[in-house]
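Residue numbers start from 1 in every chain, and the chains themselves are labelled A, B, ... in the order their sequence lines are given, proteins ahead of strands.
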There are 2 protein chains.
Amino acid sequence: MGEEKIILALPDNKDRNAINAALRQSGYSVIQKRSGQDILDSIVEDIPEIILMHADLPKVDGWQVCEKLKEDQLLQKIGIILCCDDAHESDIIRGFELGADEVFDANVSARELVARTQALSRRLQIAKNLIKIRDLEIELDAHRVLKDGKTIDLTYIQFKLLYLLASRRDNIFSRSEILERVWGKKVYVTNRTVDVHIKRLREKLGEIRYPSQYIQTIHGVGYRFM
Amino acid sequence: MGEEKIILALPDNKDRNAINAALRQSGYSVIQKRSGQDILDSIVEDIPEIILMHADLPKVDGWQVCEKLKEDQLLQKIGIILCCDDAHESDIIRGFELGADEVFDANVSARELVARTQALSRRLQIAKNLIKIRDLEIELDAHRVLKDGKTIDLTYIQFKLLYLLASRRDNIFSRSEILERVWGKKVYVTNRTVDVHIKRLREKLGEIRYPSQYIQTIHGVGYRFM
DNA sequence: TAATAATGGCATACTAGTTGCAAAGCTACA
DNA sequence: TGTAGCTTTGCAACTAGTATGCCATTATTA
């Protein structure tokens, strides 16, 4: 799925390795940087989901990194977590004003840091209407589906159908429900047509080789995405 | 893509070659000059993106080059990086006052120098409303499009259309959205007209040989630039 | 075995691509 | 200012391509 990339820029200390390890453990692909300048240089080519950095970095400090990122259309969307030594209220407010998503004291435990990072990725995903399920990524706004990072071309109806099912995993949708939600109330189309679309969707998702990997048939009831 | 030109004027030492090589490595086209006068002479014909020079140059020194450049409307836009031996605070302030974009000690590493150069080009691009996408360069201010460094003549509408699409890559624009943004709210023009303009734009961008290299059709939805 | 689902094929409807043309706009020159 | 010649633009008509819905057939499930 293209693991989520996170840039980690913290001063040398015992925690840094712990945090690095914990983030990797949670499935992030971690890239470590030393200075603010290093961060700015590296993101030109490769935009990460989140930057987790200390406020006091050499060359360009964390505050300045925030400012730079918010100036740029493409980089605005990166989530920013900022740690300060002895964070006072004024620091925290300043951080938020500069566009950071989280600002807090560097004394916080590695565990909490990871938890906050995960919470932030979740929030960012929701903001983008992005659904990630195993090796699938479904982007509502971009009207795009990626499997293993590769684009799958879906037609209009196929996309709507997939998005409906995936937006409430485990929920069983009856055919009439699907018809109403995908085609709209007024349109009148046979129930059986849903089957055909499910079939076409399954094909494109590659369910021939691994049957029912994504879409499960509930005999006599409907379909569900799992 | 019209490689970015950079003028390099540093005194002879082991670093100069390293910096030269590193800049070329990063895709710049490097032109070396000896004296401040050489720099001034050469830029009349061929304006570089950036001048990276030492403050102590023979004939005309770096400080004077800064002054000259900032006097000239056309040359103002060139980015200037100035290195000083034993840079004191007063030097640094003087450099910025004379219009340099970066001033620092000549002891800095080649790697950092390159990183700063790249950061400066990025800044300059944003300031010029320049969009670079693969072999395309779109300059809003100059109302110009280059492909592989060669100008492509676009009509007014074609340019607006391209700029709209390219300014938000990956975003899908519906035909009505395009109409509103390119033609304005009041004008009433058929949706189908957008297709015709897309076709003409594609032709000029050379999409006959490589279909959908730039502009992708999303059936039933709209178009997007990728 | 009866009901339900999956599948393949096909006609149709819809959407996008393409072309030619006329009108409007622009430029240069007398 | 007028006019000839060129470019740009919008549209309609046509062609090409794609998506969709349904039916008939086969497979699966309870």
Side-chain angles (χ1 to χ4, degrees), chain A residues 143 145 151-165 172-184 186-225, chain B residues 143 145 151-165 172-184 186-225:
Chain A
H143 197 276
V145 178
T151 306
I152 297 178
D153 281 327
L154 295 185
T155 70
Y156 185 73
I157 285 189
Q158 285 159 15
F159 185 84
K160 278 188 90 173
L161 178 57
L162 174 62
Y163 194 82
L164 174 67
L165 295 177
I172 302 173
F173 291 89
S174 71
R175 290 178 174 71
S176 341
E177 233 177 310
I178 293 174
L179 279 177
E180 200 174 306
R181 298 254 201 165
V182 174
W183 278 261
K186 292 164 198 165
V187 186
Y188 103 106
V189 167
T190 321
N191 262 11
R192 315 267 70 234
T193 298
V194 175
D195 300 26
V196 178
H197 282 276
I198 289 282
K199 186 243 174 188
R200 289 168 182 162
L201 183 54
R202 279 174 164 162
E203 257 175 19
K204 291 202 182 170
L205 294 178
E207 284 215 329
I208 309 129
R209 311 177 68 184
Y210 311 98
S212 300
Q213 184 186 9
Y214 305 111
I215 299 169
Q216 192 182 20
T217 308
I218 314 297
H219 198 98
V221 187
Y223 297 97
R224 90 165 136 206
F225 200 97
Chain B
H143 197 278
V145 178
T151 305
I152 297 177
D153 281 327
L154 295 185
T155 69
Y156 180 72
I157 286 189
Q158 284 159 15
F159 184 83
K160 277 188 90 173
L161 178 56
L162 174 62
Y163 194 82
L164 173 68
L165 295 178
I172 300 174
F173 293 88
S174 70
R175 290 177 173 72
S176 340
E177 234 177 308
I178 293 175
L179 279 177
E180 201 174 305
R181 299 255 202 160
V182 175
W183 278 261
K186 292 163 197 165
V187 186
Y188 124 101
V189 167
T190 321
N191 262 12
R192 317 266 42 246
T193 298
V194 175
D195 299 26
V196 178
H197 282 275
I198 288 281
K199 188 238 174 195
R200 290 168 181 163
L201 183 54
R202 278 175 165 162
E203 258 174 19
K204 290 202 182 170
L205 294 178
E207 284 216 328
I208 310 125
R209 312 179 66 186
Y210 309 99
S212 299
Q213 184 186 11
Y214 305 112
I215 299 170
Q216 191 184 18
T217 308
I218 315 296
H219 197 102
V221 187
Y223 295 98
R224 94 164 129 212
F225 198 97

Side chain of T155(A) - closest among dT20(D), dT18(C), dT7(C):
dT20(D)
The side chain of K199(B) lies closest to which of these nucleotides: dG8(C), dG17(D), dT19(C)?
dT19(C)
Under 4.0 Å between any heavy atoms, over every strand shown, what does I157(B) touch: base, sugar-phosphate, or nothing? Just pick one.
sugar-phosphate
Which residue is it: L179(B), V182(B), V189(B)? I am looking for the one with a side chain to side chain contact (heavy atoms under 4.5 Å, CB included) to V194(B).
L179(B)
The single option from L165(B), L161(B), L164(B) passing side chain to side chain contact (heavy atoms under 4.5 Å, CB included) against F225(B):
L165(B)
Specify the separation, in whole Å, of atom CG of L201(B) and atom P of dT9(D).
12 Å
From the set dA16(C), dA6(C), dG10(D), return the single nucleotide nearest to any side-chain atom of R175(A).
dA6(C)
Using only side-chain N and O atoms of T193(B), determine if any of them is under 4.0 Å from OP1 or OP2 of dC11(D).
yes
Think W183(A) has a side-chain N or O under 4.0 angstrom from the OP1 or OP2 of dT20(D)?
no
note: E203(A), atom CD; dG9(C), atom C1'; distance rounded to Å ~ 13 Å
Under-4.0 Å side-chain N/O to phosphate OP1/OP2 contact, H197(A) with dG21(D):
yes
Separation of dA16(C) atom C1' from E207(B) atom CD, nearest Å, is 15 Å
Indicate whether OP1 or OP2 belonging to dG17(C) is found under 4.0 Å from a side-chain N or O atom of Y223(B).
yes
Nearest-angstrom distance from the residue atom CG of L161(A) to P of dA19(D):
15 Å
On DNA chain D, more 5' by nearest nucleotide between H219(A) and Q158(B) is Q158(B)
Separation of H143(A) atom NE2 from dA19(D) atom P, in whole Å?
11 Å
Nearest-nucleotide 5' precedence on DNA chain D, L154(B) against V196(B):
L154(B)
Rounding to an integer number of Å, can you tell me how far K204(B) NZ sits from dT9(D) C1'?
12 Å
Can you tell me the distance, in whole Å, between the CD1 atom of I198(A) and the P atom of dT4(C)?
18 Å
If you apply the rule side-chain contact (heavy atoms from CB on, under 4.5 Å), what do you find for I152(B) with Q158(B), and how did you get there?
CA-CA 11 Å; I152(B) 297 177; Q158(B) 284 159 15; over 6 Å; no
dC11(D), OP1 or OP2 - any side-chain N/O from T190(B) closer than 4.0 Å?
yes
What's the closest nucleotide to the side chain of R192(A) if the choices are dA5(C), dC11(D), dG21(D)?
dA5(C)
Any side-chain heavy-atom pair of R181(B) and K160(B) under 4.5 Å
no
Locate the shortest heavy-atom distance separating H143(A) from I218(B); write the atom from each residue and the value.
ND1-CG2, 4.0 Å
Do the rings of H197(A) and W183(A) sit parallel, tilted or perpendicular, given the 30° and 60° boundaries?
perpendicular
Phosphate contact (dA6(C) OP1 or OP2) by T217(A) side-chain N/O below 4.0 Å
yes
Hey, is the side chain of R200(A) pairing donor to acceptor with the base of dG21(D) inside 3.5 Å?
yes
Candidates dT20(D), dG17(D), dG17(C) - which lies nearest the side chain of D195(B):
dG17(C)
Mind calculating the distance between CD1 (I172(A)) and P (dA5(C)) to the nearest angstrom?
12 Å
